[in-house]
**Q** 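One structure is given below, represented as structure tokens, and several questions about it will come after.
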2 protein chains.
Amino acid sequence: MTILIKDCAAITMSTPLVRRGVSIAIAEGRITKISSDSNLFVSERFDKVMDGKNKLALPGFVNAHTHLPMVLLRGYADDQNLQRWLAEEIWPAEKKLTEEDVYWASLVGIAEMLRSGTTTFSDMYFFMDAVAQAVKESGMRALLAYGVIAPQPGAKADQELKITEDFLKRWHGQANGRIRVAAASHAPYTCCDEVWRCAKSLAIQYNTLIHTHLQETRTEVDSSLKAFGRTPTERLEALGVFEAPTLAAHGVHLRDSDLEILKRQDVRLAHCPTSNLKLGSGIATVSKWRQAQLKVGIGTDGAASNNNLDMLEETRLAALLAKTNDPTALPASEALEMATLGGARALDFNDVGLLEEGRRADIALFDMQGVHWVPGFNPVSDLIYAAASADVETVIVNGQILMEQREIKSFDEEKAKARVHQLRAKYQKENSKN
Amino acid sequence: MTILIKDCAAITMSTPLVRRGVSIAIAEGRITKISSDSNLFVSERFDKVMDGKNKLALPGFVNAHTHLPMVLLRGYADDQNLQRWLAEEIWPAEKKLTEEDVYWASLVGIAEMLRSGTTTFSDMYFFMDAVAQAVKESGMRALLAYGVIAPQPGAKADQELKITEDFLKRWHGQANGRIRVAAASHAPYTCCDEVWRCAKSLAIQYNTLIHTHLQETRTEVDSSLKAFGRTPTERLEALGVFEAPTLAAHGVHLRDSDLEILKRQDVRLAHCPTSNLKLGSGIATVSKWRQAQLKVGIGTDGAASNNNLDMLEETRLAALLAKTNDPTALPASEALEMATLGGARALDFNDVGLLEEGRRADIALFDMQGVHWVPGFNPVSDLIYAAASADVETVIVNGQILMEQREIKSFDEEKAKARVHQLRAKYQKENSKN
């Protein structure tokens with residue numbers, strides 16, 4: 001399919017950052033031309049021509065860390081202590097999960113992400129074949145990982161690693177390369193050394209990343225120091241885990257010495273500010289991560305601890321939180337870089353995250369006619385500090401239009417919503433107040 | 001006009017908090033009946049009947065602190081040190097303001113607030129007649145105040161106080177009581193003792209509040225200690241200012257001893273978390289305010305330091321920030337209380353902020369069909385943590401429909417937007433990059 005977006009504004013994440021009155025031509029999944037000379041496009045025929053007037057094109061958001069099927073548990077339990085929340089609410093509910101539930105919840109989550117301008121995401125959960133199937137059908141781009149939990153070596157650990165390798169074999173590179181698979185050890189505290197070594201070997205063997213949680217809470221760091229005499233970061237380095245490219249989520253309680261390791265080992269970080277606040281984990285020192293020139297993306301985490309998958313909200317929060325004591329920290333353009341190009345680099349999707357000729361055509365088109373875009377001094381500021389994700393009008397991934405005029409084109413969103421609505425009864429607690 | 005909202009869900013801010021399948025009858029500006037017995041309404045005739053299926057009614061948000069006309073400077077200057085931002089960006093731009101500019105900007109700001117479910121706001125700015133005119137025409141409810149700035153006694157101070165009293169005389173209680181006027185001393189550091197005493201006298205004479213900024217920054221507290229040997233709160237108490245009911249915005253740097261004074265004097269606080277982060281002022285200790293049982297509202301502050309007037313975003317941020325180290329702090333229902341009933345009490349609008357028979361009919365009706373409301377375990381959680389302000393479909397103030405199906409009914413929004421768009425050129429900096 002060939003597409004022309006005519007005469008729009010664009011935030012390119014390249015040079016110049018902001019362009020006005022440009023047209024963007026798309027063919028075979030890639031951006032073939034960006035130019036303000038509209039005569040260039042007169043002789044060409046396009047399958048689809050979109051009017052870009054009052055529209056702002058930007059590279060689609062990259063959600064660097066989520067647990068997509070947890071939309072099923074959105075609002076299921078909130079405002080609780082983390083351990084209670086996990087042990088008494090989330091884990092018991094997750095025991096009821098089936099592959100089919102995960103499939104429908106994944107489609108709902110993908111609809112939610114498309115509606116808020118996300119074109120790529122990084123996921124870690126169970127029943128990942130169902131997630132991959134939803135990604136394949138929907139046209140999204142994703143780095144998917146089965147979340148290995150194996151505190152002890154043995155049969156259980158072997159089984160978890162086998163699931164990982166089978167998933168790698170089935171899905172890595174599928175859907176025209178839109179799906180990549182990572183090896184995921186859920187967290188240092190949930191995986192034994194042997195599992196970590198095997199995960200690293202798998203990642204290297206399949207030329208992919210490791211995806212994990214890292215130093216999300218103070219408790220995690222303290223426990224690691226007690227058990228291993230090392231922070232989780234120090235332990236993973238000692239195990240040689242970082243010989244594989246690694247994407248680590250949260251990092252709220254990283255020490256400066258940990259950051260030095262992560263920098264040396266080119267470990268990528270996914271900043272999840274909403275979830276970190278909501279679960280009481282704290283505020284990550286993102287300005288330090290940026291100063292260390294780490295590859296940093298932004299993630300929503302799962303909808304049970306956020307409670308939405310809105311990357312614009314997440315990016316705004318990242319920009320604001322970084323300023324708590326310094327209003328010059330993380331300017332709007334840098335926050336947007338994390339949400340787009342930074343995330344793409346963190347996930348090793350190296351030809352997305354910016355609007356340049358030759359790059360993958362992953363584009364979110366915002367309508368700037370809403371009242372909160374008035375008067376319009378600066379589109380980067382207006383996007384990051386004022387806009388709403390409901391302003392996203394059209395979303396293109398890999399050159400395919402997945403949402404147009406706020407209608408999801410690639411799958412039956414209403415059917416997926418209805419199915420997940422129906423599932424509520426299955427998961428509803430008996431003592432629920434509402 | 002009589003209205004019936006048929007068969008909706010409602011968050012009442014009363015008991016019970018959440019009701020499902022209720023109908024809400026409205027006449028003469030007030031809620032006349034809320035009942036789940038639809039037979040009650042069969043014999044009545046209404047001018048307007050709205051289908052409440054999949055809708056959630058709640059008391060409209062109360063924006064407890066803003067500077068409405070600053071929508072004109074949205075995105076004008078960001079990510080800067082506060083003093084530089086004020087002295088080199090905002091104040092020079094504000095010198096160009098005219099009464100007409102303020103009028104159109106106020107209408108744009110009101111449209112933005114209605115679109116995000118706000119029905120009452122508290123404002124402090126210049127050219128307040130223009131703001132009041134916009135409030136009158138639009139049908140909004142507001143507490144308005146001219147922001148006196150007078151560091152020295154003398155002719156200038158007298159003039160500022162005269163503007164305040166003239167504004168009180170002209171507008172206090174106007175528009176069927178929708179407009180109330182407060183006496184505003186801009187801040188302790190911008191007003192001398194004499195002005196504070198006069199402002200208090202005016203507030204008492206006209207049976208209204210004082211609206212001020214208070215201890216927004218550490219610098220303000222340090223300077224006050226140096227100049228007066230007292231914190232700003234201690235100084236205002238010593239001056240007897242709190243003999244008038246007082247609404248104080250920000251309060252980021254309140255000491256425990258200040259909080260004791262505010263509690264003793266029944267001073268109300270407006271929490272402005274976005275602006276406090278964006279300007280690098282810090283995070284207010286709202287949980288302590290709540291423990292002290294102060295009347296607390298939530299405010300967006302002006303759009304130049306936020307950069308929108310979205311109370312749902314603001315409430316979500318308040319709920320999240322309070323949890324930085326304690327996930328049980330400020331549960332969703334308490335954050336919502338601050339954004340509605342708490343704000344109404346802080347502003348002395350004592351018959352709004354909750355859905356009860358006999359109260360003013362100030363209602364925001366949310367559409368719950370968006371994907372981020374799936375699966376729908378808990379409407380309070382879904383509203384505070386997952387919903388979008390674009391879900392607000394219909395807004396009623398004082399029994400009048402001001403927005404219906406996302407169309408502003410009471411004034412010409414597009415005309416106001418166009419006028420403020422045109423004003424951009426007047427305020428645009430010569431060296432602007434965009």
Side-chain angles (χ1 to χ4, degrees), chain A residues 18 71-72 74-76 78-82 85 108 111-112 115 274 277-280 282-283 303 306-310 313 316-317 320-321 323-329 331-332 370-372 374-382 385-386 388-390 413 417 420-421 423-424 427-428 432 434, chain B residues 18 71-72 74-76 78-82 85 108 111-112 115 274 277-280 282-283 303 306-310 313 316-317 320-321 323-329 331-332 370-372 374-382 385-386 388-390 413 417 420-421 423-424 427-428 432 434:
Chain A
V18 177
V71 295
L72 194 50
R74 187 203 316 272
Y76 178 77
D78 300 289
D79 304 334
Q80 299 183 17
N81 175 278
L82 176 62
W85 179 75
V108 165
E112 189 183 346
R115 288 187 171 283
T274 298
L277 288 175
K278 188 157 183 285
L279 296 174
I283 299 173
N306 184 307
N307 292 351
N308 63 32
L309 306 178
D310 186 327
E313 270 189 28
R316 181 168 301 159
L317 181 58
L320 291 172
L321 271 186
K323 296 176 178 59
T324 306
N325 300 303
D326 174 8
T328 69
V371 66
H372 40 259
V374 175
F377 285 109
N378 181 334
V380 180
S381 165
D382 288 343
Y385 297 125
S389 60
E413 178 189 18
K417 283 164 62 180
V420 175
H421 260 306
L423 285 172
R424 187 176 67 201
Y427 290 86
Q428 187 94 50
S432 170
N434 294 299
Chain B
V18 177
V71 295
L72 194 50
R74 187 203 317 274
Y76 178 77
D78 301 287
D79 305 335
Q80 298 182 18
N81 173 280
L82 176 61
W85 179 76
V108 165
E112 189 182 346
R115 289 188 170 281
T274 298
L277 288 175
K278 188 157 183 287
L279 296 174
I283 300 173
N306 185 306
N307 293 349
N308 63 33
L309 306 177
D310 186 327
E313 270 190 27
R316 180 168 302 160
L317 181 58
L320 291 172
L321 272 185
K323 295 176 177 61
T324 306
N325 299 303
D326 174 8
T328 69
V371 66
H372 40 258
V374 175
F377 284 110
N378 181 334
V380 179
S381 165
D382 288 343
Y385 297 124
S389 60
E413 179 189 19
K417 283 165 62 180
V420 175
H421 260 305
L423 285 172
R424 188 177 63 200
Y427 291 86
Q428 187 97 48
S432 170
N434 294 299

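Note that the structure is predicted; figures quoted are calculated from it, not measured. Here is how names work: the chains are called A, B, and so on, in the same order as the sequence lines, proteins then strands, and each is numbered from 1.
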**Q** For L72(B) and P375(A), which heavy atoms make the closest approach, and how far apart are they?
**A**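 Answer, listing the atom of L72(B) first, then P375(A): O-CG, 3.3 Å.
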**Q** Can you tell which part of S389(B) gets under 4.5 Å to a heavy atom of chain A, answering side chain, backbone, both or neither?
**A**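 Neither part.
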**Q** Backbone N or O of V374(A) within a donor-acceptor pair of the R74(B) side chain at under 3.5 Å?
**A**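 Yes, the answer is positive, given that a donor and an acceptor are paired below the 3.5 Å cut-off.
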**Q** Heavy-atom pairs under 4.5 Å with chain A are the metric here; pick the option from H372(B), Q80(B), E413(B) that has the most.
**A**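 Ranked by heavy-atom pairs under 4.5 Å with chain A, first place is H372(B).
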**Q** Hey, are the side chains of K323(B) and D79(A) touching, using non-hydrogen atoms and a 4.5 Å cut-off?
**A**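 SC-SC contact between K323(B) and D79(A) confirmed.
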**Q** Does any backbone or side-chain atom of E112(A) lie under 4.5 Å from a heavy atom of chain B? Answer side chain, backbone, both or neither.
**A**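 Contact with chain B involves both backbone and side-chain atoms of E112(A).
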**Q** Would you mind telling me which of T274(B), T324(B), N81(B) has the largest number of heavy-atom pairs within less than 4.5 Å of chain A?
**A**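 Most heavy-atom pairs within the cutoff with chain A belong to T324(B).
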**Q** So which atom in A386(B) and which in N308(A) form the shortest heavy-atom distance, rounded to 0.1 Å?
**A**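 Reported closest heavy-atom pair: O-ND2, 3.2 Å.
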**Q** Between R316(B) and E313(A), is any pair of side-chain heavy atoms under 4.5 Å apart?
**A**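 Side-chain contact under 4.5 Å: yes.
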**Q** May I ask you to name which of A390(A), A111(A), G282(A) has the most heavy-atom pairs under 4.5 Å with chain B?
**A**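 Most heavy-atom pairs within the cutoff with chain B belong to G282(A).
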**Q** Are L321(B) and L320(A) close enough that some pair of their side-chain heavy atoms sits under 4.5 Å apart?
**A**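 Not touching, per the 4.5 Å side-chain cut-off.
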**Q** Heavy-atom pairs under 4.5 Å with chain A: which of L317(B), L277(B), V108(B), D326(B) has the most?
**A**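 The answer is L277(B).
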**Q** With a 4.5 angstrom heavy-atom cut-off, is it the side chain or the backbone of A332(B) that approaches chain A, or both, or neither?
**A**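 For A332(B), backbone and side chain are both near chain A.
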**Q** Please classify the contact of D382(B) with chain A as side chain, backbone, both or neither, using a heavy-atom distance under 4.5 Å.
**A**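 It is the side chain, since no backbone atom gets that close.
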**Q** So which atom in G75(B) and which in N378(A) form the shortest heavy-atom distance, rounded to 0.1 Å?
**A**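 The pair with the smallest heavy-atom distance is O-CB, 3.8 Å.
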**Q** Side chain, backbone, both or neither: which part of L309(B) has a non-hydrogen atom closer than 4.5 Å to chain A?
**A**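 It is neither, since no heavy atom gets under 4.5 Å.
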**Q** Should R115(B) and V371(A) count as side-chain neighbours, where that means a heavy-atom distance under 4.5 Å?
**A**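 With C-beta onward as the side chain, the pair touches.
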**Q** How long is the span from the CD1 atom in I283(B) to the CG atom in N325(A), to the nearest 0.5 Å?
**A**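 These two atoms lie 8.0 Å from each other.
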